[in-house]
Amino acid sequence: MAYRWTNDLRRADVTPESLWLNRRQVIVGALGAGALGTIASPAMAEALKPNSWEDITSYNNYYEFGTSKEDPATNAHMLNTSGWEIEIDGMVDAPGLYSVAALTDDLTEEERIYRFRCVEAWAMVVPWNGFELKDILDKVGVQSGAKYVAFETALRPDEMPGVRYSVLDWPYREGLRLDEAMHPLTMMATGIYGKPIPNQNGAPIRLVVPWKYGFKSIKSIVRITLTDEEPPTSWNMSNRREYGFYSNVNPEVNHPRWSQATERKIGGGLFNRRQPTLMFNGYGDEVASLYDGMDLSKFF
Ligand code: MTE
């Protein structure tokens, strides 16, 4: 199966950053308007170029460290990620507390994947590395009645200055339907550009769901629960009318306060114009079938 922004690069190819950028440009050039479909213009090529390490790590949303885009880069060093464990519970065969190493010990290097995301109105293209969420769900054994996966971020008031303010009902919570969670595009990221993921981007492990708006991609995960009921999610709890459970990128469904029809990539140079937002962020061929028969203006 060919993914729009997937490539076959391995760890050796992605470091250092500059080499990787060159490789990527070659790949975009070589595939041209064929495999990459609509990528015919310089503007589209620019839109697919990964953002710099600097862009990716200095302009963030991570409200546990403050609500301005610079706060996470300033404050996230306070989070102690050593000895990190994830509690996996609910409808699984092997519930328990797992270190990231324990969850991934049987994955080969080749099973680690490198891909981009380009999400939301403040779109960035990030060369994440990590593994598929499915890999760890298979490892713990999902029971047959499970229908959803719920996620929780750490809640550590001593290390997270932002949680003193009730901008959200902490801890940060997200959820996916089980088939979304098992999809090969849904990844657990542990790195960027082949380096460990920085705290402001969700160290040591966060979700990346490239066909959904950025807030679904929950950071610094400490709990994963398999359940048979749609789990509560932070932004939906905070404003049900504006943020639905699915939150698929969809230019046809506007946020009540703004249009979602176009987006502009952060950083970028000469060709950094607003681009039309693509249905499912451009991953329609891969994921549209998950929603067959659903009214996406109702299930937004
Ligand atoms: N996860 C937690 N725990 N707290 C947050 O505030 N913000 C979300 C998402 N995950 C957020 C979170 C939002 S709104 C976005 S757009 C992305 O993280 C931003 O990820 P980035 O900073 O790595 O680009």
Side-chain angles (χ1 to χ4, degrees), residues 50-79 81 84 86 115-130 133 150-157 159-176 186-193 195-224 231-239 242-244 247-249 255 258 260 263-268 277 281:
N51 282 87
S52 67
W53 177 262
E54 185 59 28
D55 280 350
I56 294 168
T57 61
S58 62
Y59 186 91
N60 300 98
N61 269 345
Y62 196 165
Y63 279 13
E64 287 87 334
F65 297 99
T67 52
S68 83
K69 305 292 183 221
E70 301 76 39
D71 287 339
T74 309
N75 297 326
H77 66 91
M78 295 162 81
L79 182 66
T81 61
W84 197 269
I86 303 179
R115 57 171 67 112
F116 312 87
R117 70 161 187 155
C118 181
V119 192
E120 256 212 313
W122 69 336
M124 284 210 211
V125 182
V126 180
W128 298 110
N129 54 282
L133 173 58
F151 305 86
E152 264 179 44
T153 295
L155 176 54
R156 300 198 192 153
E159 300 173 25
M160 296 173 150
V163 304
R164 269 177 286 161
Y165 308 98
S166 42
V167 282
L168 289 171
D169 180 3
W170 312 110
Y172 197 100
R173 271 162 278 195
E174 259 309 333
L176 295 172
T186 301
M187 72 181 291
M188 297 294 273
T190 52
I192 295 172
Y193 277 116
K195 297 179 230 181
I197 196 167
N199 283 7
Q200 58 267 40
N201 293 90
I205 184 163
R206 54 101 47 98
L207 189 67
V208 177
V209 194
W211 72 93
K212 294 178 180 278
Y213 291 113
F215 61 86
K216 296 296 284 183
S217 292
I218 182 173
K219 297 176 167 179
S220 308
I221 294 168
V222 292
R223 188 163 183 197
I224 299 177
T233 60
S234 291
W235 284 99
N236 180 253
M237 286 189 290
S238 113
N239 191 333
E242 298 193 359
Y243 304 102
S247 302
N248 294 315
V249 174
H255 186 282
W258 56 76
Q260 311 260 48
E263 60 183 19
R264 190 200 305 276
K265 195 183 140 193
I266 299 304
T277 302
N281 209 22

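First listed ligand is number 1; within each ligand, the first listed atom is number 1. It should be emphasised that the depicted structure is a prediction, and the values quoted were computed from it without experimental measurement. Residue numbers start at 1 and run along the sequence shown. Hydrogens, waters and symmetry mates play no part in the numbers below; they use all other heavy atoms, side chains included.
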Legend entry - Ring geometry between F215 and Y243 (parallel below 30°, tilted from 30 to 60°, perpendicular above 60°): perpendicular

Inset, instruction - Mark the output for E64 as yes if a heavy-atom distance to ligand 1 is under 4.0 Å, and as no if none is. - result: yes

Inset, instruction - With W211 as reference, evaluate T186, N281, N248 under the side-chain hydrogen bond (donor to acceptor under 3.5 Å, both in side chains) test and give the passing residue. - result: N248

Inset, instruction - Would you check whether R206 reaches within less than 4.0 Å of ligand 1, judged by its heavy atoms? - result: yes

Inset, instruction - Using distance alone, determine whether W128 and ligand 1 share an N or O pair under 3.5 Å. - result: no

Legend entry - Side chains of Y172 and W235, donor plus acceptor under 3.5 Å: yes

Inset, instruction - Would you mind listing which atoms of ligand 1 come within a distance below 4.0 Å of any non-hydrogen atom of S217? - result: 9 (C), 10 (N), 18 (O)

Inset, instruction - Within a distance under 4.0 Å of any heavy atom of Y62, pick out the atoms of ligand 1 and give their elements. - result: 2 (C), 3 (N), 4 (N), 5 (C), 6 (O)

Inset, instruction - Ignoring hydrogens and angles, state whether a donor on the side chain of S220 or Y62 is under 3.5 Å from an acceptor on the partner side chain. - result: yes

Inset, instruction - Examine the proximity of ligand 1 to N61 and report which part, side chain or backbone, both or neither, has a heavy atom under 4.0 Å away. - result: both

Legend entry - Audit row: K212, L207, side-chain contact (heavy atoms from CB on, under 4.5 Å) steps and yes/no: CA-CA 11 Å; K212 294 178 180 278; L207 189 67; over 6 Å; no

